[in-house]
Asker: 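Please read through the structure below; I'll follow up with questions.
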Amino acid sequence: QVQLEESGPGLVKPSETLSLTCAISGGSIFTTNWWSWIRQPPGKGLEWIGEIYHSESTKYNPSLKSRVTLSVDKSRNQFSLKLISVTAADTAVYFCARKRSGSYSYNWFDLWGQGTRVTVSS
Amino acid sequence: DIQMTQSPSSLSASVGDRVTITCRASQSINSYLNWYQQKPGKAPKILIYAASSLQSGVPSRFSGSGSGTDFTLTISSLQPEDLATYYCQQSSSTLALTFGGGTKVEIK
């Protein structure tokens, strides 16, 4: 059974860099799936941050593109998120997720990590 | 970006009621529409993909319909365990994937 688990600091200071990792267990990163990051500010809805393929191709939300970098570590079977110059508005639960593709290019998030809460505060 | 608008933002219904949630896209997304259920303190869970395909393991009381810009998630007979917030998400745009604002379902 494939599982995803996020890890990283729960507290980040304003203007610093938020770094999170998503470890994939029970399966390989070398699949036809894209691997995504999604966040949810307290009491609010879901925001897609971006996604990465094992070939290291990436897609980013235009609203965050200037501050986000996604990467993969194939040897460790994990992928990572870096978000620079954080502010209080970046406080959220961060989820990693697998985006599965079906026929006719349909795609959906079929597997999620449990989420990790990150607070931006001095 | 393609904007997704859900209505209502919240609803309260009794066990056994038929519940309908609507999602509208700001432009046509054909059938590139997914529905998720998020229970308090948990990660979202996929219910419906491609507008009307039921994810394996999801109870048959959940169904989805629609195409173009207007979509519906229906719970045919509300159960206590359906207490959750439901989100639609479009997967049509290759530039940005976007979610609706969510519909919180409460049990009377």
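Proteins come first, then strands; the chains are lettered A, B, ... in the order of their sequence lines, and each starts at number 1.
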Asker: What are the residues of residues 67-103 of chain A, in order of number, with any heavy atom under 4.5 angstrom from a heavy atom of chain B?
Answerer: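 Under the 4.5 Å heavy-atom cut-off, A:Phe95, A:Lys99 qualify.
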Asker: Check each atom of B:Ser92 against the heavy atoms of chain A and say whether the ones under 4.5 Å are side chain, backbone, both or neither.
Answerer: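 Neither part, no heavy atoms under 4.5 Å.
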Asker: Is chain B contacted by the side chain of A:Tyr104, its backbone, both, or neither, given a heavy-atom distance below 4.5 Å?
Answerer: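 Interface part for A:Tyr104: both.
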Asker: Most heavy-atom pairs under 4.5 angstrom with chain B, which of A:Lys59, A:Gln40, A:Glu51?
Answerer: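 Counting heavy-atom pairs under 4.5 Å, the top option is A:Gln40.
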Asker: Considering only heavy atoms and a distance below 4.5 Å, find which of B:Thr85, B:Ile46, B:Asp1, B:Leu33 pairs most often with chain A.
Answerer: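 Most pairs with chain A among the choices: B:Ile46.
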Asker: Same cluster for B:Ile107 and B:Leu73 if Ile/Leu/Val/Met/Phe/Trp/Tyr side chains link at under 4.5 Å?
Answerer: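 In one cluster with B:Ile107: B:Leu73, yes.
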Asker: What verdict does the side-chain contact (heavy atoms from CB on, under 4.5 Å) test give for B:Gln89 and A:Leu46, after you've listed the backbone C-alpha separation in whole Å, the side-chain angles of each residue and the deciding distance to 0.1 Å?
Answerer: CA-CA 9 Å; B:Gln89 175 245 326; A:Leu46 300 161; over 6 Å; no
Asker: Quick one: do A:Trp37 and A:Val12 end up in the same hydrophobic cluster if we chain Ile, Leu, Val, Met, Phe, Trp and Tyr together by side-chain heavy atoms under 4.5 Å apart?
Answerer: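 Linked, A:Trp37 and A:Val12 end up in one cluster.
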Asker: Side chain from CB out, backbone as N, CA, C, O: work out which of these in B:Tyr32 comes under 4.5 Å of a heavy atom of chain A, or both, or neither.
Answerer: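 Contact with chain A is through both the backbone and side chain of B:Tyr32.
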Asker: Who among B:Ala43, B:Gly102, B:Gly101, B:Pro44 has the most heavy-atom pairs with chain A under 4.5 Å?
Answerer: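 Looking at each option in turn, the highest pair count goes to B:Pro44.
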Asker: State, to 0.1 Å, how close B:Leu97 and A:Asn107 come at their nearest heavy-atom pair, and which atoms those are.
Answerer: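 Looking at all heavy atoms of both residues, the closest pair is CD2-OD1, 4.5 Å.
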Asker: Hey, what's the ring geometry for A:Phe109 with B:Phe99, parallel, tilted or perpendicular (30° and 60° as the breaks)?
Answerer: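 Plane angle under 30°, so parallel.
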Asker: Do B:Met4 and B:Leu11 share a hydrophobic cluster (ILVMFWY, side-chain heavy atoms under 4.5 Å, transitive)?
Answerer: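 Both belong to a single hydrophobic cluster.
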Asker: Please determine whether residues B:Leu78 and B:Phe62 belong to a single hydrophobic cluster, defined as Ile, Leu, Val, Met, Phe, Trp and Tyr linked transitively by side-chain heavy-atom distances below 4.5 Å.
Answerer: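 Yes: a chain of side-chain contacts under 4.5 Å links B:Leu78 to B:Phe62.
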Asker: Where does A:Leu111 contact chain B at under 4.5 Å (heavy atoms): side chain, backbone, both or neither?
Answerer: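 No part of A:Leu111 comes within 4.5 Å of chain B.
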Asker: At a heavy-atom separation under 4.5 Å, does B:Asn30 approach chain A through its side chain, its backbone, both, or neither?
Answerer: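 It is neither, since no heavy atom gets under 4.5 Å.
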Asker: Consider only side-chain heavy atoms of I, L, V, M, F, W and Y, link residues closer than 4.5 Å, and tell whether B:Trp35 and B:Val105 are in one cluster.
Answerer: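 Hydrophobic grouping puts B:Trp35 with B:Val105.
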